[in-house]
Amino acid sequence: MAAVTMDKIVSLCKRRGFIFQSSEIYGGLNGAYDYGPLGVELKNNIRDFWWKEMTQMHDNIVGIDASILMASKVWEASGHVSNFSDPMVDCKQCKSRFRADQIDLNAPCPVCGNKDSFTEPRNFNLMFETHIGANRDASSVVYLRPETAQGIYVNFKNVVASSRVKVPFGIAQIGKSFRNEITTKNFIFRSCEFEQMEMQFFVKPGEDEKWFPYWREQRMAFYDKMGIKKDHLKWHQHGSDELAFYAKDAYDIQFLFPMGWQELEGVHSRTDYDLTQHTKFCGKKQDYLDPVTNERYIPYVVETSAGLTRNVLMALCDAYEEEEIDGDTRTVLHFHPAIAPVEVAILPLVKKDGIAEMAQDLEKELRADFKTFYDQSGAIGRRYRRMDEIGTPYCITLDYDTKENDTVTLRFRDSMEQVRVAKKDLVKTIKEATKNYKRK
RNA sequence: GCGAAAGUAGCUCAGUGGUAGAGCUCCACCUUGCCAAGGUGGAUGUCGCGGGUUCAAGUCCCGUCUUUCGCUCCA
């Protein structure tokens, strides 16, 4: 079985309506993508799967949804204004580019040896800038957030005061972030506009040692629940030279994308860095009063930060398979049923003798419980293949026997096995199958 | 931002200056009684965009946008 290439993913995404290039009719916009009818379902399903797992399934995590535009001071405090940009110089002779802080600007170019060859250092700030108000003076500059985490930190006191949460507790958030990347590549893997699923877990200083491995284990288990292949995932621990200035320890979950192992999610120990910074910059103590011991401290933070849009790409790459069947190729997306854009397809074996009408009625009945799709066009095998290609886990076929005894054929995507099920048992049977789903 | 290559139907591509094409897909009807490609008919393009050369440009030239690969970058 050949490894999937990005070309095939991009092609399938466009062909079947998962993901399109932004502004395509105008020649496209670099690093921006639009989600089509199936793509938005997939993305929303992954988002909801994460949200349920992180909030509903934990009694000590609450959610927020902070605004994308925030006070500029937030980014001064977080270090993004000063650290999120790199002054760069180019060699005028050989066009090589260097970071201005990593090279002696008075020395000859290390590549071509040319002297007095560098351009003036130019700043590449990775934050998008815009203005609030019609009057574009310096005081109105705001940034589109480059990460969602700060929206959580600046609401720490609000959440503590309003939600009766006690340390240890977490705040979860899903939303868009923006980075003015110098280059974008690999489809939606790195784009200027992306969505993050973040959770900041606030703990008593010292207890981060305990919670850090806990969340690493939880987060890896999440991908197993989503049906992602175990051998497509691995941990990468940041070496001391890779650690961000705020981080005490950092692990990435990497996924084996077509272009190699790449970061999918970070689990980072951020200590009290951010809350301390905001204390300094806003002048108000961002601390926590333990209601039992009356101790006052700034909590430490264990952060789980996943890319939703990267998760979408992962789900597509992980699910994609081309299987050889009798000299024919079957393209299948083996999505976990919980994230599949279409859960159940209803297919009449023939159109005549009232079978199609019967199938349409059944489709309407099942809508309340599943995302359904009705298709009466073409041979039955062809319709199965179409559903395989968009990852529909269950197909229901109605035939003449359905008229006699109210049973239908339930066909499973992965095994292609078929079972005869009474119409009245369909919802229960399908929900049971989803609950017990195991990726082969 | 640098270098190279590419951009023609929804997809994969052919078309080296002279009427815009193929296969698949898609739609309708027929056939089909459970795993694609059977029959009949049909739809689809300012050949990425803008300019130039020419009697004539998908084709040659310039610019531009986008994509891919390699740099650079990505705390």
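FYI, side chains are in, hydrogens and waters are out, and symmetry mates aren't considered; it's all heavy atoms of this structure.
What separates CD1 of I19(A) from P of U67(B) is a distance of 14 Å, to the nearest Å. If you take CG of D249(A) and P of A75(B), they are 18 Å apart, rounded to a whole angstrom. Counting to the nearest Å, the P atom of A75(B) and the OH atom of Y273(A) are 15 Å from each other. In this structure, the CE atom of M259(A) is 11 Å from the P atom of U68(B), given to the nearest Å. Distance F187(A) CZ to C69(B) C1': 18 Å, rounded to the nearest Å. Between the CG atom of L12(A) and the P atom of U12(B) there is a distance of 12 Å, rounded to whole Å. Between the P atom of A75(B) and the CG atom of D274(A) lies a distance of 16 Å, rounded to the nearest Å. Between K8(A) atom NZ and U12(B) atom P the separation is 12 Å, expressed in whole Å.
Among residues two or more places apart in sequence or in another chain, the side-chain contact (heavy atoms from CB on, under 4.5 Å) test is passed with E263(A) by D252(A), R310(A). Taking P37(A) as the reference, F20(A) meet the side-chain contact (heavy atoms from CB on, under 4.5 Å) condition, with sequence neighbours excluded. Under the salt bridge (Lys or Arg N to Asp or Glu O under 4.0 Å) criterion, K157(A) pairs with D287(A), not counting sequence neighbours.
Straight-line distance between the P atoms of U16(B) and C11(B): roughly 23 Å, to the nearest whole Å. Atom P of U8(B) sits at a distance of 10 Å from the matching atom of C49(B), rounded to the whole Å. Between the C1' atoms of A43(B) and C26(B), the separation comes to 8 Å (whole Å). Comparing the P positions of C13(B) and C69(B) gives a spacing of 15 Å, expressed to the nearest Å. For A14(B) and U40(B), the P atoms lie 29 Å apart once the distance is rounded to whole Å. A57(B) and G48(B): their P atoms are spaced 15 Å apart (whole Å). Remark: the separation of the C1' atoms in G42(B) and C60(B) is 38 Å, to the nearest Å. Taking atom C1' on both nucleotides, U25(B) is separated from G63(B) by 36 Å, rounded to a whole Å.
E363(A) and R367(A) are joined by a salt bridge, as a carboxylate oxygen and a charged side-chain nitrogen come within less than 4.0 angstrom of each other. Ionic pairing of K428(A) and D369(A) is not present here: no N-O contact between side-chain nitrogen and carboxylate oxygen is shorter than 4.0 angstrom.
Note on Q21(A): only backbone sugar-phosphate atoms sit closer than 4.0 angstrom, heavy atoms only; bases stay farther off. Nucleic acid contact for E389(A): none, since no nucleic acid atom lies under 4.0 Å from a heavy atom of the residue. Backbone-only engagement by G31(A) is indicated by non-hydrogen atom pairs under 4.0 Å involving sugar-phosphate atoms exclusively.
Contact check, N30(A) against C65(B): no side-chain N or O comes under 4.0 Å of OP1 or OP2. At least one side-chain nitrogen or oxygen of R386(A) sits closer than 4.0 Å to the OP1 or OP2 atom of C26(B). Of the side-chain N and O atoms in K14(A), none sit less than 4.0 angstrom from OP1 or OP2 of G10(B).
In this structure, K73(A) forms no cation-pi arrangement with F281(A), as its terminal cationic atom is not both closer than 6.0 Å to the ring centre and no more than 45° off the ring axis. For the pair R219(A) and F222(A), the cation-pi criterion (under 6.0 Å, within 45° of the ring axis) is fulfilled. Both cation-pi conditions hold for K431(A) and F370(A): the charged atom is under 6.0 angstrom from the six-membered ring centre and inside a 45 degree cone around its axis.
Using a 3.5 Å distance cut-off with no hydrogens or angles, the side chains of Y153(A) and Q286(A) do not pair a donor with an acceptor.
The backbone N or O of L398(A) sits nowhere less than 3.5 Å from a side-chain atom of T402(A) that would complete a donor-acceptor pair.
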Heavy-atom protein contacts under 4.0 Å, nucleotides 28-37 of chain B, coded B base, S sugar-phosphate only, - none: ----BBBBB-
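Closest contact between the side chain of N186(A) and the listed nucleotides C11(B), U67(B), C69(B) involves C69(B). Considering only side-chain atoms of S11(A), the nucleotide from U12(B), A75(B), U66(B) that sits closest is U12(B).
For W261(A) and F255(A), the ring centers are positioned 6.0 Å apart or more.
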Please write out each protein N/O paired with an N/O of nucleotides 41-44 of chain B under 3.5 Å, distance rounded to 0.1 Å.
none

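When both distances must be under 3.5 Å, the Watson-Crick or G-U wobble mate of G33(B) does not exist. Pairing for G7(B) is with C65(B), a Watson-Crick or G-U wobble pair whose two hydrogen-bonding atom distances lie under 3.5 Å. Base pairing of G41(B): its partner is C27(B), meeting the Watson-Crick or G-U wobble criterion (both donor-acceptor distances under 3.5 Å). Pair assignment for C71(B) gives G1(B), based on Watson-Crick or G-U wobble hydrogen-bonding distances that are each under 3.5 Å. Pairing of G17(B), defined by two Watson-Crick or G-U wobble distances under 3.5 Å, is not identified with any nucleotide. Taking a pair to require two hydrogen-bonding distances under 3.5 Å in either a Watson-Crick or a G-U wobble arrangement, A56(B) remains unpaired.
Listed by first and then second residue, the ring-ring contact (aromatic ring centres under 6.0 Å, His included) pairs involving residues 420-440 of chain A are H336(A)-Y437(A) (not counting sequence neighbours).
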